[in-house]
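First comes the structure, then the notes that go with it.
No hydrogens, no waters, no symmetry mates; every other heavy atom, side chains included, goes into these values. Bear in mind that the values here come from a model prediction, so they are computed numbers and not experimental data. Read the numbers this way: they start at 1 and go in the same order the structure lists the ligands and their atoms.
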Amino acid sequence: MIETKTASIALKTEIPGPGSKAWMERRQAAVPRALGSVLPIVVAHAHGAVMEDIDGNRYLDFAGGIGALNAGHTPASVVHAVQEQAAKFLHLCFTVTAYEGYIELAEELNRRTPGDFAKKTMFANSGAEAVENAIKIARSYTRRPAIIAFEDAYHGRTLLTTSLTSKVSPYKAGFGPFMPEVYRMPYAYCYRCPYNLTYPACSVHCASKLEEMFLRHVSPDSVAAVIFEPQLGEGGFIAPPTEWFAEIARICRKHGILVIADEVQTGFGRTGAMFASERVGLVPDILCTAKSLSSGMPLSAVTGRAELMDAPGAGQLGGTFGGNPVSCSASLAALKAMDEEKVDERAMRFGRIFRSHAERWQRRFSVVGDVRGMGAMQALELVRDRTTKEPAKEETQRVLDYCHQHGLLILSAGVYGNVVRLLAPLIVTEEQIEEGLTILDAALEHVSGQRLS
Ligand SMILES: Cc1ncc(COP(=O)(O)O)c(C=O)c1O
């Protein structure tokens, strides 16, 4: 498949090919430019961890629909479940008449998510909508208005979630005014510690700063919830030390503030456990999921303590398509498929293989400043200078371009645009992992031009 077995990696083809190019011109004319395009190709079909475009070029997909494809492209059991449900009914609207799949899936998530207490789950269409509903529920339960979010957070593109999101360009610029009563503090970005401290000597000083928010910015009895991603996604795959979570949760409990974990990108095996919260010993009050929940069908979920979830009265939550029957059936099949494939174990194996390569890259290429992440949610932060840590944004783009031209679809991340992140489907084979990392190795060598030894 991907031509990477030899030491010198042959350029695959010109991208985009003639077929894709024609469609990209039509896309430009018909679709607003704000809808960006990482790789200007048009896909004909995709299975497992491989996509093929309409010009016949094959790509190893290490972007995985931005983390929505932990079970891979078109898992047979999910496709079958979609077909079967589509033939029964496509849509009813759960708030008009119930159907089994919604209830069964809610039970599954109540059982699977961390926390040994009664839970309830509601469904929506997107990750952003899940976060929106989580905030509404938290406010309704606590009767408090404020939310604390973190620097470099990404929670979606609706106006409320854009307010919670931290990266200005492209997500916020020109879209204000934003929702009031959102307060922000630095995340545990150890590589660029905002307090110039070093872990573990710092004793996660950044987490204890939450108490200072209550001195300078907002009264704790006005705060409904603290929301965070257990490992940042768009913000650069930053993974705080586990003690950070314990300290944040301790302070929240002390002040009656709810903990909302946004596991839209980290969920369903990605970090080496079904939920990243489990990996870091966190039991959130509310947990938001989407993406790999349903193998790419539009669906998101809010799962939380039963008493919180029941705070809004009848009719206060819902929406026409939320928990669509076809998406629920896809999700039930996807959860089963991910169990059978042991995606959490596969994520750990991916992480181990990646780290063994990345340690060599750190020795060989000065551009590799930091290597980080949990399980298969791994990333490289690229810098121009290891002392000044000047972000290597252009170099990162060139790494991506090289990978794309050689058949590996890969994404960047981070507020400086200098993080190469991996979101491969977790069903990717060991051979495919090696192939993908061989291309990334060549890309780093191509771009770095500077070997340490
Ligand atoms: C952590 C996190 N939260 C929320 C979202 C928004 O999800 P959606 O794009 O489905 O609205 C994303 C999307 O990337 C995400 O990574």
Taking atom 16 (O) of ligand 1 as the reference point, the nearest protein heavy atom with its distance | Gln265 NE2, 2.8 Å
For atom 3 (N) of ligand 1, which protein heavy atom lies nearest, and how many Å away is it?
-> Asp262 OD2, 2.7 Å
Report yes if [X] has an N/O atom closer than 3.5 Å to an N/O atom of ligand 1; otherwise report no.
{"X": "Glu229", "answer": "no"}
{"X": "Ala128", "answer": "yes"}
{"X": "Glu129", "answer": "no"}
{"X": "Gly127", "answer": "yes"}

Is it the side chain, the backbone, both or neither of Glu263 that has a heavy atom closer than 4.0 Å to ligand 1?
-> neither
Lys291, portion touching ligand 1 at heavy-atom distance under 4.0 Å | side chain
Honestly, is Lys389 close enough over Tyr191, meaning NZ or CZ under 6.0 Å from the six-membered ring centre and within 45° of the axis?
-> yes
Quick one: sort the Tyr102 and Tyr99 rings into parallel, tilted or perpendicular, breaks at 30° and 60°.
-> perpendicular
Contacting atoms of ligand 1, where contact means under 4.0 angstrom from a heavy atom of Glu234 = 14 (O)
Considering the heavy atoms of Gly156, write down every atom of ligand 1 situated less than 4.0 Å from one of them.
-> 6 (C)
Does either side chain, that of [X] or that of [Y], offer a donor lying less than 3.5 Å from an acceptor on the other one?
{"X": "Thr121", "Y": "Asn110", "answer": "yes"}
{"X": "Gln231", "Y": "Gln265", "answer": "no"}
{"X": "Glu263", "Y": "Ser277", "answer": "yes"}
{"X": "Asn133", "Y": "Glu129", "answer": "no"}

Contact between Gly233 and ligand 1, counting heavy atoms under 4.0 Å?
-> no
Met274 to Asp339 - nearest heavy-atom pair and separation = CE-OD1, 3.8 Å
Determine, counting only non-hydrogen atoms of the protein, whether one lies under 4.0 angstrom from atom 7 (O) of ligand 1.
-> yes
Salt bridge flag under 4.0 Å for residues Lys120 and Asp310 |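 Salt bridge present between Lys120 and Asp310.
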